[in-house]
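Okay, structure first, notes after.
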Amino acid sequence: MASRTTTALPSAVLILRLLTLALLAASLALIAADKLTVDSDPPQRFTFKDVHAYRYVLAVAVVGCAYTLLHLPFAAASVAWMKRLVAGSGSEDDVALLLIVCADVAFALLLAAGAAAGLGFTHDVKRYFDGVVLHRDVDRFFDLAYASAGLMLAAAACTALMIMLSVYSLVK
């Protein structure tokens, strides 16, 4: 019978990976659907493609979903087998777990950078237009970008928790 820690850690990692995937998919959907039509002569249409920071948010969300989908089968197999895939008992296992931790750290930094780009640009634009009355549609455009970047920041936090659990497994 497996100990509580042996089953709890892989289960927590699987739940965090699933939550990360859900947050990134929601972030991706929000930023991809973010569009604005300005009534002018001629009417102008803006999307995330018109803002480089929002393009970056979309790209990071796509890469993040792919990365998380790549790791999900391993996390699920670890829970199904009631043990860690990398047991940490030998030097080769420790190296494999260390590589996973390093990849997760790089991924968390990428997510944090994507969230920072989206949040920072949106904050600056909304602050710049603070004195000017924003049209409801323009405000909605920036609010969707805020929400998308916020979801990405939450995904970065989930990844940071996964890193902590992985390091705990490596040390243990």
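Sequence positions, counted from 1, serve as the residue numbers for this chain. Treat the numbers as computed from the prediction; the structure is a model and nothing was measured.
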So, the side chain of [X] versus the backbone of [Y]: is there a donor-acceptor pair under 3.5 Å, distance only?
| X | Y | answer |
| --- | --- | --- |
| Thr68 | Gly64 | yes |
| Arg45 | Thr37 | no |
| Ser27 | Leu23 | no |

List the atom of [X], the atom of [Y], and the distance in Å for their closest heavy-atom pair.
| X | Y | value |
| --- | --- | --- |
| Ala108 | Ala156 | O-CB, 4.2 Å |
| Val101 | Ile163 | CG1-CG2, 4.4 Å |
| Ala117 | Ala53 | O-CB, 3.8 Å |
| Val60 | Leu110 | CG1-O, 3.7 Å |
| Cys158 | Leu19 | SG-CD2, 3.4 Å |

Passes side-chain contact (heavy atoms from CB on, under 4.5 Å), Arg140 versus Leu36? Steps please.
-> CA-CA 8 Å; Arg140 182 183 172 277; Leu36 168 68; over 6 Å; no
Kindly assign one of parallel, tilted or perpendicular to the pair His71 and Tyr67, based on the angle between their ring planes and the thresholds 30° and 60°.
-> tilted
If Ile, Leu, Val, Met, Phe, Trp and Tyr residues are connected whenever their side-chain heavy atoms lie under 4.5 Å apart, and connections chain through other members, are [X] and [Y] in the same group?
| X | Y | answer |
| --- | --- | --- |
| Met164 | Ile15 | no |
| Leu151 | Leu153 | no |
| Leu28 | Tyr56 | yes |
| Tyr128 | Phe142 | yes |
| Ile31 | Val125 | yes |

Test log, rule side-chain contact (heavy atoms from CB on, under 4.5 Å), inputs Leu21 and Leu24 = CA-CA 5 Å; Leu21 181 62; Leu24 287 173; 5.5 Å; no
Going by heavy atoms in the side chains, are Leu18 and Leu72 under 4.5 Å from each other?
->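 When only atoms from C-beta onward are counted, Leu72 and Leu18 do touch, with a gap below 4.5 Å.
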Charged N to carboxylate O under 4.0 angstrom, Arg17 versus Asp104?
-> yes
Please determine if Asp139 and Lys126 form a salt bridge, counting it only when a charged side-chain N lies under 4.0 Å from a carboxylate O.
-> yes
Rounded to the nearest 0.5 Å, how far does CG of Leu14 lie from CE of Met162?
->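 Going from the CE atom of Met162 to the CG atom of Leu14 covers 10.5 Å.
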Distance col, row Met152:CE vs Leu119:CG, nearest 0.5 angstrom, shows 9.5 Å
Name the one of Tyr146, Phe48, Tyr54 that satisfies ring pair (Phe, Tyr, Trp, His ring centres under 6.0 Å) with Phe121?
-> Tyr54
Do Phe141 and Phe46 make the cut of ring centroids closer than 6.0 angstrom?
-> no
Applying the side chain to side chain contact (heavy atoms under 4.5 Å, CB included) test to Leu30, which of Leu144, Leu58, Val57 qualifies?
->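 By the side chain to side chain contact (heavy atoms under 4.5 Å, CB included) criterion, Leu30 pairs with just one of Leu144, Leu58, Val57: Leu144.
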